[in-house]
Amino acid sequence: QVRMVESGGGLVQAGDSLRLSCAASRLTFSIYTMGWFRQAPGKEREFVAAIRGSGASTYYADSVKGRFTISRDNAKNTVYLQMNSLKPEDTAIYYCAATLHTRWTVASFYEYWGQGTQVTVSS
């Protein structure tokens, strides 16, 4: 059974940085596009970033472009999200997900999900 476990969330102040990690097991990791999504209270889950299996291509939501960086280490079956210059509006539960589809920004096209990690940014 595929398992994906996020870590690295926490409570930080505006302007600070955090690095999220997502370790996957029982998955042919290198062939999956990995994505990060987030969901704030009362809001729908939204796309944050995605990275192709090889790591050669990345995609970002406009709201995080220039502040967040997605990367992956296929040898460790792990995907990362480096978050810099955090803002209060970045507060959400962050989820990693895996997909073989090409609709990388659409949550419903992702096959596997982690349980999420809370990120809270105070002003």
Side-chain angles (χ1 to χ4, degrees):
Q1 172 174 338
V2 172
R3 188 164 183 245
M4 297 170 62
V5 180
E6 300 96 335
S7 60
L11 172 63
V12 297
Q13 293 187 331
D16 285 349
S17 298
L18 275 177
R19 188 194 196 202
L20 305 183
S21 299
C22 172
S25 58
R26 299 178 182 175
L27 184 75
T28 310
F29 186 76
S30 62
I31 70 172
Y32 282 82
T33 293
M34 299 299 296
W36 285 96
F37 289 76
R38 65 187 182 186
Q39 188 165 19
K43 295 188 177 181
E44 292 189 356
R45 193 167 296 190
E46 66 172 356
F47 170 76
V48 175
I51 185 168
R52 296 295 302 276
S54 66
S57 299
T58 57
Y59 309 88
Y60 295 94
D62 288 342
S63 59
V64 306
K65 204 171 291 184
R67 299 188 298 122
F68 290 11
T69 302
I70 189 171
S71 62
R72 65 191 296 160
D73 185 338
N74 286 345
K76 296 182 178 179
N77 283 12
T78 301
V79 61
Y80 305 97
L81 186 68
Q82 178 67 42
M83 305 186 296
N84 298 331
S85 303
L86 282 161
K87 304 175 181 180
E89 52 263 44
D90 294 318
T91 294
I93 299 174
Y94 283 72
Y95 300 89
C96 67
T99 185
L100 293 176
H101 292 277
T102 58
R103 299 288 301 275
W104 307 300
T105 64
V106 182
S108 60
F109 282 91
Y110 281 75
E111 290 97 333
Y112 302 108
W113 290 84
Q115 83 290 346
T117 185
Q118 177 71 48
V119 172
T120 303
V121 185
S122 63
S123 57

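Quick caveat: nothing in here was measured; it's all calculated off a predicted structure.
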Check: If every non-hydrogen atom of R67 is compared with every non-hydrogen atom of S85, which pair is closest and at what distance?
Finding: NH1-O, 2.9 Å
Note to self: Applying the ring-ring contact (aromatic ring centres under 6.0 Å, His included) criterion to H101, which one of Y112, Y32, F109 satisfies it?
What the structure shows: F109
Notebook entry, point to check: Taking all non-hydrogen atoms of both residues, which atom of G9 and which atom of V119 are closest, and how far apart?
Noted result: CA-CG2, 4.1 Å
Checklist line | Over all atoms of both residues, closest heavy-atom pair of T117 and G8 | finding: OG1-N, 4.3 Å
Notebook entry, point to check: For F29 and V79, which heavy atoms make the closest approach, and how far apart are they?
Noted result: CZ-N, 3.9 Å
Next item on the list: Taking only Lys NZ, Arg NE, NH1 and NH2, and the carboxylate oxygens of Asp or Glu, determine whether D62 and K65 approach each other closer than 4.0 Å.
Entry: yes
Check: Got a second to check how far I93's CD1 is from Q39's CD, nearest 0.5 Å?
Finding: 7.0 Å
Checklist line | Distance, nearest 0.5 Å, that separates OG of S63 from CG of D90 | finding: 7.5 Å
Note to self: As an exercise, state the distance from CD of E89 to OG of S123, rounded to the nearest 0.5 Å.
What the structure shows: 10.0 Å
Item checked: Heavy-atom pair with the smallest gap, counting every atom of Y110 and A50 -> OH-CB, 3.8 Å
Notebook entry, point to check: Roughly how far apart are R38 CZ and T91 OG1, rounded to 0.5 Å?
Noted result: 9.0 Å
Note to self: Taking ring-ring contact (aromatic ring centres under 6.0 Å, His included) as the criterion, tell me which of W113, Y94, W104, Y95 meets it with F37.
What the structure shows: W113
Check: Within the distance-only criterion (no hydrogens, no angle test), does the side chain of E6 pair as donor or acceptor with the backbone N or O of G116 below 3.5 angstrom?
Finding: yes
Next item on the list: Can you measure from OG1 (T58) to CZ (R72) and round to the nearest 0.5 angstrom?
Entry: 11.5 Å
Next item on the list: Measure across A98 and M4 and return the closest heavy-atom pair with its distance rounded to 0.1 Å.
Entry: N-CE, 3.9 Å
Check: F47 and Y59: aromatic ring centres closer than 6.0 Å?
Finding: no
